[in-house]
Chemist: 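Attaching a single structure in structure tokens format; questions to follow.
Predicted model only: the values in this text are computed from it and were never measured. Residue numbering restarts at 1 for every chain, and letters A, B, ... go by the order of the sequence lines.
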Amino acid sequence: MPELPEVETVRRGLEHFVTGFTFRSAHNLHPRVLKPASIAPLSAVEGSRIVSINRRGKFLWFTLDNDLALVAHLGMSGQFLVAQRDRPHPKHVRARFSLKRGFKSHDLLFSDQRTFGWLSVEELTDGVPQSALHIALDPFDKAFDRNAVIVEMKSRKAAIKSVILNQEIMSGVGNIYADESLWRAKIHPEIPACDLGVKKIESLIDAAVEVMGEAVTVGGTSFDSLYINVNGESGFFETSLAAYGQEGEPCPRCGTAIRRIAFANRSSHFCPKCQVKSRRKTKG
DNA sequence: GGAAATGTTTACCG
DNA sequence: CCGGTAAACATTTC
């Protein structure tokens, strides 16, 4: 379930294990793993050295030493795995890369059960691949302009949850962290963004940064294990979710049962007492 | 058996 | 242009 924190965890894992390595071979093992917009087959990366691993929102890419990038989106279920001899061969392997640096070598696998993820070879524009150019900066980017994002959000008539999920305004937030952020900021998901005060939108962005930052911290604690480190499992969900997936469970703040509504083709979870739609005050 | 689940893109309608 | 909705992609789990 990769959103920004999971993708960042994968990025850190890859940075640790494959930076400086050269692609010795690249094998495409599934007819849909290569994004149609890719300018070349996966084998185009053979012979290239990995300079850095980069991320914007949920888009991930390997910057190579030849102005190209191997771009990856994990979709719903994509994973990178460093193949290990003593581990069983993972299922749903869509691509296999053989890497080497000096006497060291290992295989990197891209596994994706539901095949919503993809890989592509792309050119970079100012260090950003073609397919991620339309994606807005995420709040962890050094160049992230918080005030500009607040102004943009405030100008939208759409429901605040749609706005915070819109990757072209601010990237990185998916359905889970949207619900968690809205819960922390005490905002009902269906309130039009333009009806919210600047302070409220500010607190929502801060909540998103906070909750995703915590998730990255938890996900990043597994650095001792090669396997866990790159597979994108954060372990965050089991203990720390206040709203997402908690329908019927008590709100950790007030004890009211969390509600689930179908919204924007997805589920939204919120506390009907803490996150009220109208600002009408109770009489008396 | 049916619904729901994660994300993105595209289409269609108002 | 904006926004809401749905469908498409695939598979597994409840």
Chemist: So, is A/Arg266 close to the B/dA5 phosphate, meaning a side-chain N or O under 4.0 Å from OP1 or OP2?
Modeler: no
Chemist: Using 4.0 Å as the upper bound for N to carboxylate O, is an ion pair formed by A/Glu8 and A/Arg55?
Modeler: yes
Chemist: Hey, would you say the A/Phe116 and A/His73 ring centroids sit under 6.0 Å apart?
Modeler: no
Chemist: Can you tell me the distance, in whole Å, between the NZ atom of A/Lys35 and the P atom of B/dT10?
Modeler: 7 Å
Chemist: Give a yes-or-no answer on whether the side chains of A/Thr22 and A/Arg49 include a donor-acceptor pair shorter than 3.5 Å.
Modeler: no
Chemist: Which heavy atom of A/Gly57 sits nearest to which heavy atom of A/Ser171, and what is that distance?
Modeler: CA-OG, 3.2 Å
Chemist: Distance check needed: B/dA5 C1' versus A/Asp179 CG, whole Å only.
Modeler: 13 Å
Chemist: Do the side-chain N or O atoms of A/Lys58 get closer than 4.0 angstrom to the phosphate oxygens (OP1, OP2) of B/dG7?
Modeler: yes
Chemist: Using whole Å, report how far CG of A/Asn166 lies from P of B/dT9.
Modeler: 11 Å
Chemist: State whether A/His73 places a side-chain N or O below 4.0 Å from either non-bridging phosphate oxygen (OP1 or OP2) of B/dT9.
Modeler: no
Chemist: What integer distance in Å separates A/Met76:CE from C/dT13:C1'?
Modeler: 14 Å
Chemist: Give A/His134 one of three labels, base, sugar-phosphate or nothing, depending on what nucleic acid heavy atoms sit under 4.0 Å from its own.
Modeler: sugar-phosphate
Chemist: According to the 5.5 Å centroid and 30° plane-angle thresholds, does A/Phe116 stack upon the nucleobase of B/dT8?
Modeler: no
Chemist: Just the rounded figure in Å: distance from P of C/dG4 to CD1 of A/Ile261.
Modeler: 13 Å
Chemist: Reckon A/Arg94 touches a base, only the sugar-phosphate, or nothing at all at heavy-atom distances under 4.0 Å?
Modeler: nothing
Chemist: Tell me the interatomic distance from A/Trp118, atom CH2, to C/dA10, atom C1', rounded to whole angstroms.
Modeler: 18 Å
Chemist: Does C/dT11 have its OP1 or OP2 closer than 4.0 Å to a side-chain nitrogen or oxygen of A/His92?
Modeler: no
Chemist: Would you kindly give the CD1-to-C1' distance between A/Ile169 and C/dC1, to the nearest whole Å?
Modeler: 13 Å
Chemist: Kindly say if A/Ser267 contacts the phosphate of B/dA5, meaning a side-chain N or O under 4.0 Å from OP1 or OP2.
Modeler: yes
Chemist: Of all the nucleotides listed (B/dT8, C/dT12, B/dG7), which has the minimum atom distance to the side chain of A/Gln113?
Modeler: C/dT12
Chemist: For atom C1', what is the distance between C/dA8 and B/dG1, given to the nearest Å?
Modeler: 22 Å
Chemist: With a 3.5 Å cut-off and just heavy-atom distances, do the side chain of A/Arg114 and the base of B/dG7 make a donor-acceptor pair?
Modeler: no
Chemist: Nearest whole Å is fine: how far is B/dT9 C1' from A/Leu165 CG?
Modeler: 15 Å
Chemist: Between B/dT8, C/dG4, C/dA10, which nucleotide has the shortest distance from any of its atoms to the side chain of A/Ala158?
Modeler: C/dG4
Chemist: Does the structure place the NZ or CZ of A/Arg253 under 6.0 Å from the centre of the six-membered ring of A/Trp183, at an angle of no more than 45° from the ring's axis?
Modeler: yes
